[in-house]
Amino acid sequence: VQLQASGGGLVQPGGSLRLSCAASGFTLLYGSIAWFRQAPGKEREAVSCIRRTSGSPHYAESVKGRFTISRDNAKNIMYLQMNNLKPEDTAVYYCAATGRGLIMSSWHIRTNYDYWGQGTQVTVSS
């Protein structure tokens with residue numbers, strides 16, 4: 001299984017970016033998929049996910065209303081649309097997936113995900 005993340009870059013506050021994560025060897029439609037991020041000196045934290053069992057998105061409070069997770073089933077690619085970016089969004093962003101159907105209270109737990117992308121840097125700065 002391989003997850004290949006891309007789309008990071010440097011953007012000014014208030015700007016937008018769309019991250020992509022292409023999967024091979026794993027069908028995203030049949031799993032739980034997520035985006036995590038890790039800022040310098042901080043723990044990796046969950047940003048958003050789509051659970052296999054519900055199909056509904058979940059978001060960390062810090063990104064609600066600004067970020068949108070989605071999935072293109074035909075292309076087997078997941079996305080994270082990030083709008084109104086803030087300096088505190090600066091981090092390396094990782095895509096993750098698992099074949100398990102996660103319960104709602106566990107989607108944010110890093111160890112529940114079996115497959116990880118290599119990370120893409122997002123820097124929000126003027």
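Nothing fancy with the numbering, it's 1 onward along the sequence. Quick caveat: nothing in here was measured; it's all calculated off a predicted structure. Below, each value reflects all heavy atoms present in this structure, side chains not excepted, and no hydrogens, waters or symmetry copies.
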Expected output: side-chain T27 to main-chain L29 donor-acceptor under 3.5 Å: no
Heavy-atom pair with the smallest gap, counting every atom of [X] and [Y]:
X    : Y    : answer
S48  : I69  : OG-CG2, 3.2 Å
L85  : R66  : CA-NH1, 3.9 Å
Q121 : T90  : NE2-CG2, 4.1 Å
T120 : A5   : CG2-CB, 4.3 Å
R37  : A91  : CB-CB, 3.8 Å
G8   : V122 : CA-CG2, 4.1 Å

Atom pair CG (N76) and CG (L28), whose distance is rounded to the nearest 0.5 Å: 4.0 Å
Interatomic distance, Q12 atom CD to S125 atom OG [nearest 0.5 angstrom]: 8.5 Å
Which pairs of donor and acceptor atoms, one on a side chain in residues 94-105, lie under 3.5 Å apart (sequence neighbours left out)?
unit_1, atom_1, unit_2, atom_2, d
T98, OG1, R100, N, 3.2
T98, OG1, R100, NE, 3.4
T98, OG1, D114, OD2, 2.7
R100, NH2, N112, O, 2.8
R100, NH2, D114, OD1, 3.1

ring-ring contact (aromatic ring centres under 6.0 Å, His included) partners for Y79, two or more places apart: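 Scan of Y79 (ring-ring contact (aromatic ring centres under 6.0 Å, His included), adjacent residues dropped) gives none.
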Those residues that, when tested against Y59, pass ring-ring contact (aromatic ring centres under 6.0 Å, His included) (two or more places apart): none
Residue pairs fulfilling ring pair (Phe, Tyr, Trp, His ring centres under 6.0 Å) with at least one residue in residues 24-48, sequence neighbours excluded: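 As it turns out, the ring pair (Phe, Tyr, Trp, His ring centres under 6.0 Å) pairs with a partner in residues 24-48, which skip direct neighbours, are F26-Y115, F36-Y113, F36-W116.
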Crowding at CD, E43 (>12 non-hydrogen neighbours, <6.0 Å):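 No.
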Neighbour count >12 (heavy atoms, 6.0 Å) for atom CD, E45: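 More than 12 within 6.0 Å, yes.
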Joint cluster assignment, V124 & L19, ILVMFWY side-chain distance < 4.5 Å: yes
ILVMFWY cluster, W107 and M78 together (side-chain gap under 4.5 Å): no
Heavy-atom side-chain proximity of S32 to R52 below 4.5 angstrom: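 A side-chain contact under 4.5 Å exists here.
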Student check: side-chain heavy atoms of F67 and L80 closer than 4.5 Å: yes
I33 and R71: CA distance, side-chain angles, deciding distance, side-chain contact (heavy atoms from CB on, under 4.5 Å) verdict: CA-CA 9 Å; I33 60 175; R71 180 181 58 209; 3.9 Å; yes
side-chain contact (heavy atoms from CB on, under 4.5 Å) evaluation trace for S16 with M82: CA-CA 5 Å; S16 297; M82 306 185 295; over 6 Å; no
By side-chain contact (heavy atoms from CB on, under 4.5 Å) - contacts of H108 (at least two apart):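 Residues passing side-chain contact (heavy atoms from CB on, under 4.5 Å) with H108: A46.
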Nonpolar side-chain network containing L10, other nodes, edges under 4.5 Å: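 Reading the cluster by chain and number, L10 sits alone, since nothing else belongs.
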CA sep, side-chain torsions, deciding dist, call: L3, C21, side-chain contact (heavy atoms from CB on, under 4.5 Å): CA-CA 6 Å; L3 300 179; C21 179; 3.7 Å; yes
